[in-house]
Amino acid sequence: MDILADLKWRGLLADCTDFEALGKRLVEGPLTLYCGFDPTADSLHVGNLVPLFGLRRFQLAGHRPIALAGGATGMIGDPSGRSSERNLQTREQVDHNIAQIRGQLSRFLDFDCPTHAARLVDNATWTAPISYLDFLRDIGKHFSINVMVGKESVRARMESDTGISYTEFSYMLLQAFDFCHLRQEFGCELQTGATDQWGNITAGIDLCRKRLHTTVWGLTHPLLTKSDGTKYGKSASGAVWLDAARTSPYRFYQFFIQSEDADVGKLLRVLTFLPQEQVEDLERQQAANPGARPAQTALAREITTLVHGKTACEDAIRASAILFGGELAGVQESTFNEIVGEVPTREIERSRLEGPGLALTEVLVHAGLCPSKGQARKDLEGGGIYLNNVREAAVQRLVTTNDLLFGKHVLLRKGKRTYTVVTAR
RNA sequence: GGUAGGAUGCCGGAGUGGUCAAUCGGAGCAGACUGUAAAUCUGCCGGGCUAACGCCCUUCGAAGGUUCGAAUCCUUCUCCUACCA
């Protein structure tokens, strides 16, 4: 299957400046394409995986991807898809974020491939040295304000209460310049991105035509949404990050295991590299026996392995099996230790549990499962608290050293799936 | 610079002297049903104390003031919005 057909089947094609011409170009031979990632944080999140995996899909199909880290654009702030002005990041923040993100970008692409190796670039390398006057003369001259204010990203903000600063208004010039530069430097002919990047991408295409008299293309991926239309990739505790320090592999795995039936088919297509037959087979299994959740299991395994590696994924699977396996009665110490470190863990001084012990409500607050003792009491009364996987409804319950598993740990659970291990020290 | 309007809990948004820790909706958390799914129903949803009835503390942009009593009235300040210049 050719790359465009594959992307289409996966639902990854939102728009293209010229499907037909691009399709023709793609069969002629390897093409160089790029996609940019701004360092708005020190880690990418699952939403970024759609365009990033897009680059990988192109590389697997024999093309040359360039992942661009926005060291320059990250200093400015993209107004696209934002209803209000961004806070400028300090240079130090951007530098730190860029360093982290470069590492993440490089994990999914092959830089050693002899025929179509990937590249990692930073737009600060070519943007920073240019003087303001040169930029205005060489780049700015090609832009019509009339066209710029017509772009969705600008118009939306001009109509909003907060407006748009000159800084963010200029963002599209920088991104357009990137495309132009990459066309000149590496013969890059295609830029990809999420749909909100359409305006910035077409700005680059126009600039290439005007400055270089050459035709390049743009291709956008749909924004990843849930079946109810809301944005995908946010859990209750915020975004789902690729950085294991921000979102542990266990939590990452759990996020996908908990996918809704209505979404899981789409997620398999968009976030994994499983072939069409296999995805369709999983969807059939899911429809036949939804309770077994074969699709969620496959999805979580695939993507956790891609992002965190085989070992971390297997650890997450084992920890999940223990936690969601019911009673802890027969569990061995070595097995239990596997979940310590996977789920959030808090320490407590052993002395506080000795003698009469410590109120369970206090332990819950200490563990971070409940925001206050009052809330902990209510959660207990509501039957939502489990001590070592056994429901505990007594508000006055004290936790003592007798509750320690293997003399060390207490497993606390709130609701169906929020766990914390408290370790005596 | 002028005029008018606004600022309420995570968000939206009622309330315009006591019955207000503040209607309602959304989000969130928990329970029931299930499948670590969705939908639905129920409870909770500022903090502390209590087994509980209940009690106490801190909130309605900020600071003062009027009053027995203020989110609600007055003064000043800060910020936002609209129109005018």
Side-chain angles (χ1 to χ4, degrees), chain A residues 83-85 87 157-165 225-240 247-268 282-301 303-304 313 316-328 339 342-344 356 359-362 364-387 389-398 411-420:
Chain A
S83 57
S84 61
E85 191 81 7
N87 290 323
R157 287 279 293 278
M158 302 229 315
E159 286 164 6
S160 81
D161 293 345
T162 51
I164 182 167
S165 67
T225 53
K226 298 207 291 183
S227 55
D228 59 8
T230 57
K231 210 168 176 179
Y232 184 78
K234 295 265 194 234
S235 73
S237 46
V240 177
T247 303
S248 75
Y250 167 78
R251 271 216 282 252
F252 189 87
Y253 178 83
Q254 282 291 318
F255 177 78
F256 291 102
I257 274 287
Q258 288 160 13
S259 299
E260 301 169 17
D261 287 4
D263 294 326
V264 72
K266 177 161 79 173
L267 294 172
L268 278 169
L282 281 165
E283 285 177 322
R284 270 192 297 275
Q285 290 180 40
Q286 183 70 28
N289 186 8
R293 291 178 301 119
Q296 281 89 340
T297 312
L299 169 69
R301 180 189 287 273
I303 188 160
T304 308
C313 178
I317 292 172
R318 265 198 303 276
S320 300
I322 298 162
L323 291 171
F324 293 95
E327 296 270 338
L328 291 172
I339 68 172
E342 290 292 332
V343 302
L360 177 54
T361 49
E362 299 241 24
L364 286 165
V365 174
H366 178 80
L369 278 177
C370 302
S372 67
K373 280 160 70 178
Q375 189 58 49
R377 201 175 288 125
K378 285 168 188 165
D379 288 337
L380 270 163
E381 283 169 354
I385 299 297
Y386 297 76
L387 181 62
N389 254 5
V390 178
R391 176 178 279 176
E392 180 59 64
V395 174
Q396 322 87 301
R397 177 68 151 84
L398 295 169
L411 179 66
L412 295 173
R413 168 177 151 206
K414 187 173 82 144
K416 235 173 212 179
R417 54 206 188 190
T418 312
Y419 285 95
T420 296

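Only this structure's heavy atoms are used, side chains among them; waters, hydrogens and symmetry mates stay out. Below, chain A is the first sequence line, B the second, and so on; all start at residue 1. Since this is a predicted model, take the numbers as computed values, not measurements.
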[atom1] gap between [N] and [M], integer Å:
N	M	atom1	answer
B:A21	B:A70	P	12 Å
B:A63	B:U8	P	16 Å
B:U50	B:U36	P	36 Å
B:G15	B:G9	C1'	14 Å
B:U23	B:A14	P	14 Å
B:U16	B:A85	P	37 Å
B:G65	B:U59	P	15 Å
B:U72	B:A62	P	10 Å

Nearest to side-chain heavy atoms of [X], which nucleotide of [options]:
X	options	answer
A:D261	B:C29, B:A37, B:G31	B:A37
A:Q296	B:U36, B:C49, B:G35	B:G35
A:K373	B:C49, B:C45, B:G35	B:C49
A:S372	B:G48, B:G35, B:U34	B:G48
A:Q258	B:A30, B:C49, B:U36	B:U36

Say whether A:E342 and A:S248, considering side chains only, have a donor N or O and an acceptor N or O under 3.5 Å apart.
no
Do A:N289 and A:Q285 meet the criterion of a side-chain donor-acceptor pair at a distance under 3.5 Å?
no
Using a 4.0 Å heavy-atom cut-off, does [X] contact any base of the nucleic acid, only the sugar-phosphate backbone, or nothing at all?
X	result
A:R391	sugar-phosphate
A:K378	sugar-phosphate
A:G291	base

Closer to the 5' end of RNA chain B via nearest nucleotide, is it A:G382 or A:S259?
A:G382
Return whichever of A:G374 or A:T418 has its heavy-atom-nearest nucleotide of RNA chain B closer to the 5' end.
A:T418
Rounded interatomic separation in angstrom, taking [atom1] from [X] and [atom2] from [N]:
X	N	atom1	atom2	answer
A:L380	B:G31	CG	P	12 Å
A:R293	B:A37	CZ	C1'	7 Å
A:E260	B:U40	CD	P	12 Å
A:D379	B:G28	CG	P	16 Å
A:Q375	B:G9	CD	C1'	15 Å
A:R251	B:U36	CZ	C1'	15 Å
A:L369	B:G28	CG	C1'	15 Å
A:K416	B:A30	NZ	C1'	11 Å

Complementary nucleotide of [N], counting Watson-Crick and G-U pairs under 3.5 Å:
N	value
B:C29	B:G43
B:U34	none
B:A4	B:U81
B:A21	none
B:U66	none
B:U58	none

Only counting residues at least two apart or in another chain, list the ones meeting ring-ring contact (aromatic ring centres under 6.0 Å, His included) with A:Y250.
none
Can you tell if the side chain of A:R293 reaches within under 4.5 Å of the side chain of A:I257, non-hydrogen atoms only?
yes
For A:V395 and A:E381, the nearest pair of non-hydrogen atoms, with its separation, is CG2-CG, 3.6 Å
Closest heavy-atom pair and its distance - A:C370, A:I385
SG-CD1, 4.5 Å
Quick one, give me the B/S/- string for nucleotides 51-60 of chain B, reading 5' to 3', where B means a protein heavy atom under 4.0 Å from the base and S means that only happens at the primed atoms, P, OP1 or OP2.
-S--------
For A:L323 and A:L411, run side chain to side chain contact (heavy atoms under 4.5 Å, CB included): C-alpha distance rounded to whole Å, both residues' side-chain angles, the deciding distance at 0.1 Å, then the answer.
CA-CA 9 Å; A:L323 291 171; A:L411 179 66; 3.9 Å; yes
Using the rule given for side chain to side chain contact (heavy atoms under 4.5 Å, CB included), can you reason through A:L412 versus A:L387, listing the C-alpha separation, both sets of side-chain angles and the distance that settles it, and then say yes or no?
CA-CA 5 Å; A:L412 295 173; A:L387 181 62; 3.6 Å; yes
Neighbour count >12 (heavy atoms, 6.0 Å) for atom CZ, A:R301:
no
Could you go through A:K373 and A:E362, starting from their C-alpha distance and side-chain angles, then the distance that decides it, and tell me whether this counts as side chain to side chain contact (heavy atoms under 4.5 Å, CB included)?
CA-CA 6 Å; A:K373 280 160 70 178; A:E362 299 241 24; 3.5 Å; yes
